[in-house]
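Encoded as structure tokens, the structure appears first; notes follow it.
Just so you know, residue 1 is the first one in the sequence shown, and it goes up from there.
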Amino acid sequence: MHDHLPLRRALDAGAPAVPLVVLDPRLWDNDPLTGRSRMGVHRARFWLQSLQSLRESLRARGGELWVRVGTPERVVPDVVRAFRAETVVAHESCAHDERQDMARVRDALPDGVRLQLQFGEPLLHREDLPFFIEDMPNGFTSFRKKVEARWFVREALAAPARVPVPSRPSHPAKTASSEGDKGGGDRGFDLSPGAIPGLSDLGIDDVPPDPRGLMEFRGGEDAGLERLRQWIFESDALGTYKETRNGLLRAEDSSKLSPWLALGCLSARTVLEAVRAYEAERGANESTYWLVFELLWRDYFKFLGLREGSRLFRRSGIGRRVVSWKEDRSMFDTWVRGETGYPFVDAFMRELGATGFMSNRGRQNVASFLAKTLGVDWRWGAAHFEAQLVDYDPCSNWGNWQYVAGVATDPRDRVFNVVKQGRDYDPDGAFVRRWLPDLKDVPDAEVHTPWRVPSAATPPPMVPPDRL
């Protein structure tokens with residue numbers, strides 16, 4: 001509800017609003033790359049919790065949330081006709097598929113109905129950038145320096161006190177689907193809010209929370225704002241963020257705000273304003289800057305996605321590099337299960353499967369291992385992350401995978417040595433032992449090289465250690 005520019009524009013018009021969420025079945029359909037659902041249980045649960053929270057917030061303000069299942073280009077015109085709406089207001093996305101959806105919605109709207117797209121998802125507004133999107137610097141450092149030289153962030157909008165909704169029309173206009181002109185059949189004039197589906201409705205089996213997870217990620221605006229307050233002000237963790245951000249064992253080591261940012265439950269501008277409030281109260285330092293630095297990384301990938309469109313998802317990447325990637329299903333499945341024989345990789349992959357979350361340090365290591373060490377098509381890994389991550393964001397996910405795989409525009413082409421990384425960031429093996437209990441009796445000195453211990457009941461390394 002807070003800092004929601006489309007909602008503000010709709011309410012400023014002075015007419016009742018029909019808040020609408022369209023659940024596109026393609027979101028949980030099977031992915032063409034992996035053959036598995038595009039939405040795993042952890043991401044789906046967080047998503048559905050967020051919808052329920054949004055509905056409760058709207059109802060508390062006298063409003064309502066209408067929920068429909070279907071493709072946007074069919075559902076939105078139907079709702080427009082049912083309520084005789086004059087305007088459709090929505091966020092303008094930076095991601096390719098979502099932009100295609102909006103173009104199809106625009107084409108399908110009844111004559112005279114306007115689609116107004118508001119640019120409000122990133123921290124920075126596109127019009128406030130010191131360059132045109134097509135002239136955006138390729139590398140993050142150049143992007144950051146140009147942005148910081150002309151720094152301007154718009155003020156976050158407060159949540160509305162009231163959201164008036166229309167009364168039920170006495171004689172609603174027929175929808176296109178009810179008239180059958182798009183093959184939809186006669187669905188009648190259902191103007192009810194509609195039910196938020198459960199996991200079973202999406203064909204997803206629920207699983208209990210894993211007690212080894214660092215924290216509970218509960219979807220919704222209230223939960224996101226509470227995490228922001230608790231992490232920054234109550235625990236005072238922002239003050240040491242730069243030093244702790246690579247920690248693997250505590251919920252407070254990093255902000256873990258990304259799930260709420262990814263779904264729009266939390267606004268990037270609201271996070272920035274909380275950082276500024278902390279600095280005014282307790283002082284600025286490298287750590288407070290570093291959280292803003294991470295918000296800029298998020299913006300960089302969003303604007304990169306806006307510039308590159310579908311190339312963000314292509315095998316050759318935005319760098320247009322031709323690489324002979326392997327399409328080895330056995331290798332990929334072994335990586336997914338966390339059975340590569342390299343504890344630092346396997347622990348992260350099991351954490352992801354059990355919780356839907358993985359630290360940034362983990363993401364870099366497991367992505368490098370799949371794409372660079374094994375040589376498996378990086379898009380398979382990006383698609384697996386899309387399904388699993390509670391903080392899935394198309395631009396950040398696919399953009400980061402490209403950079404690690406070496407098909408982006410960054411001239412660096414780094415390969416992570418997962419044994420050295422394990423020793424650097426988990427020297428006593430506490431993290432890998434949390435997810436790999438078979439390592440409990442392996443000495444600390446060999447916890448990242450258990451194949452050297454004859455009694456260790458762990459899988460052999462997939463590739464020889466001298467090839468790392």
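Contact annotation: the side chain of P25 approaches that of V69 to within less than 4.5 Å [non-hydrogen atoms, C-beta and beyond]. At a threshold of 4.5 Å between non-hydrogen side-chain atoms, the residues E243 and S287 count as touching. For the pair Q402 and L312, the minimum side-chain heavy-atom distance is below 4.5 Å. Within the 4.5 Å cutoff, the side chain of D29 has no heavy atoms near those of the S37 side chain. Residues D377 and F332 are not in side-chain contact: their nearest non-hydrogen atoms beyond the backbone lie 4.5 Å or more apart. In this structure, the side chains of E386 and W398 come closer than 4.5 Å at one or more pairs of heavy atoms. Residues Y403 and F301 have side chains in contact (heavy-atom distance under 4.5 Å, counting atoms from C-beta outward).
Between D424 and K420, at least one side-chain nitrogen of the basic residue sits less than 4.0 Å from a carboxylate oxygen of the acidic one, meeting the salt-bridge criterion. For the pair D101 and R104, the salt-bridge criterion is met [side-chain N within less than 4.0 Å of a carboxylate O]. Salt bridge annotation for R276-E273: absent, with no cationic side-chain nitrogen under 4.0 angstrom from a carboxylate oxygen.
Between L5 and H91 the shortest heavy-atom distance is N-NE2, 4.3 Å. Minimum interatomic distance between W401 and W378 (heavy atoms only, all atoms of both residues): CE3-O, 3.5 Å. Nearest heavy atoms, S368 versus R414: OG-O, 4.4 Å. Heavy-atom minimum distance, S57 versus M1: CB-CG, 3.7 Å. Closest heavy-atom contact between H125 and F119: CD2-O, 3.2 Å. The nearest pair of heavy atoms linking V163 to P19 is CG1-CG, 4.3 Å.
Using modelled atom types, no side-chain atom of R154 and backbone atom of D128 make a donor-acceptor pair closer than 3.5 Å. The backbone N or O of L261 lies less than 3.5 Å from a partner atom in the side chain of R298, making a donor-acceptor pair. A donor-acceptor pair is defined here as one N or O able to donate and one able to accept, closer than 3.5 Å; such a pair exists between the side chain of R282 and the backbone of F233. Proximity of a side-chain donor or acceptor of R311 to a complementary backbone N or O of R320 within less than 3.5 Å is not detected. Side-chain atoms of D3 come within 3.5 Å of backbone N or O of L157 as a donor-acceptor pair. Without hydrogens or angle criteria, R38 side chain to A387 main chain gives no donor-acceptor distance under 3.5 Å. Here the side chain of D299 pairs a donor or acceptor atom with the backbone of L124 at under 3.5 angstrom. Between the H42 side chain and the G353 main chain, a donor and an acceptor come within less than 3.5 Å of each other. Side-chain atoms of R55 never come within 3.5 Å of backbone atoms of S50 as a donor-acceptor pair (strictly under, hydrogens ignored). Remark: the backbone N or O of N365 is not paired with any side-chain donor or acceptor of Q421 at under 3.5 angstrom.
Not counting sequence neighbours, the partners of E252 by the side chain to side chain contact (heavy atoms under 4.5 Å, CB included) test are R227, Q230, W231, S235, A237, R250.
Distance CH2/W335 to CG/L370: 5.0 Å, rounded to 0.5 Å. Between the CD1 atom of I133 and the CG atom of L306 there is a distance of 5.0 Å, given to the nearest 0.5 Å. Taking SG of C265 as the start and CZ of R218 as the end, the distance is 11.5 Å to the nearest 0.5 Å. The distance from atom CE of M39 to atom CG of L48, rounded to the nearest 0.5 Å, is 7.5 Å. Expressed to the nearest 0.5 Å, how far CG of N417 lies from CG of L468 amounts to 5.0 Å. One distance of note links CG of D253 with CG of L249; it measures 7.5 Å at 0.5 Å rounding.
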| field | From CA spacing to verdict: side-chain contact (heavy atoms from CB on, under 4.5 Å), V336, R36 | value | CA-CA 12 Å; V336 167; R36 298 165 177 158; 3.8 Å; yes
| task | Would you sort out whether D413 and K372 count as a side-chain contact (heavy atoms from CB on, under 4.5 Å), showing the intermediate values? | result | CA-CA 9 Å; D413 197 4; K372 307 307 288 289; 2.5 Å; yes
| request: Let me see the working for F385 and V366 under side-chain contact (heavy atoms from CB on, under 4.5 Å), right down to the final yes or no. | output: CA-CA 11 Å; F385 271 29; V366 303; 3.6 Å; yes
| message | Could you walk me through whether F303 and F131 satisfy the side-chain contact (heavy atoms from CB on, under 4.5 Å) test, starting with their C-alpha distance in whole Å, then the side-chain angles of each, then the deciding distance to 0.1 Å, before giving a yes or no? | response | CA-CA 11 Å; F303 291 123; F131 41 74; over 6 Å; no
| message | Could you walk me through whether R363 and D391 satisfy the salt bridge (Lys or Arg N to Asp or Glu O under 4.0 Å) test, starting with their C-alpha distance in whole Å, then the side-chain angles of each, then the deciding distance to 0.1 Å, before giving a yes or no? | response | CA-CA 12 Å; R363 298 180 200 203; D391 63 356; 2.8 Å; yes
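Ring centroids of F293 and F140 are separated by less than 6.0 Å, placing the two rings close together. Checked against the 6.0 Å centroid criterion, the rings of F348 and F431 qualify as a close aromatic pair. A centroid separation of less than 6.0 Å is found between the aromatic rings of W260 and F46.
Inspection of the R307 and N138 side chains reveals an N or O donor paired with an N or O acceptor under 3.5 Å. In the model, R114 has a side-chain atom that pairs as donor or acceptor with a side-chain atom of T87 under 3.5 Å.
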Atom pairs and distances, donor-acceptor, side-chain atoms in residues 201-214, under 3.5 Å, two or more places apart:
residue : atom : partner : partner atom : Å
D201    : OD2  : G198    : N            : 2.7
D206    : OD1  : R45     : NH2          : 2.7
D210    : OD1  : R212    : N            : 2.9
D210    : OD1  : R212    : NE           : 3.0
D210    : OD2  : R212    : NH2          : 3.0
R212    : NH1  : R434    : O            : 3.4

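The 12-atom threshold is not exceeded at CD of E286, counting heavy atoms of other residues, nucleotides or ligands nearer than 6.0 Å. Surrounding CD of E281 are more than 12 heavy atoms belonging to other residues, nucleotides or ligands, all under 6.0 Å away.
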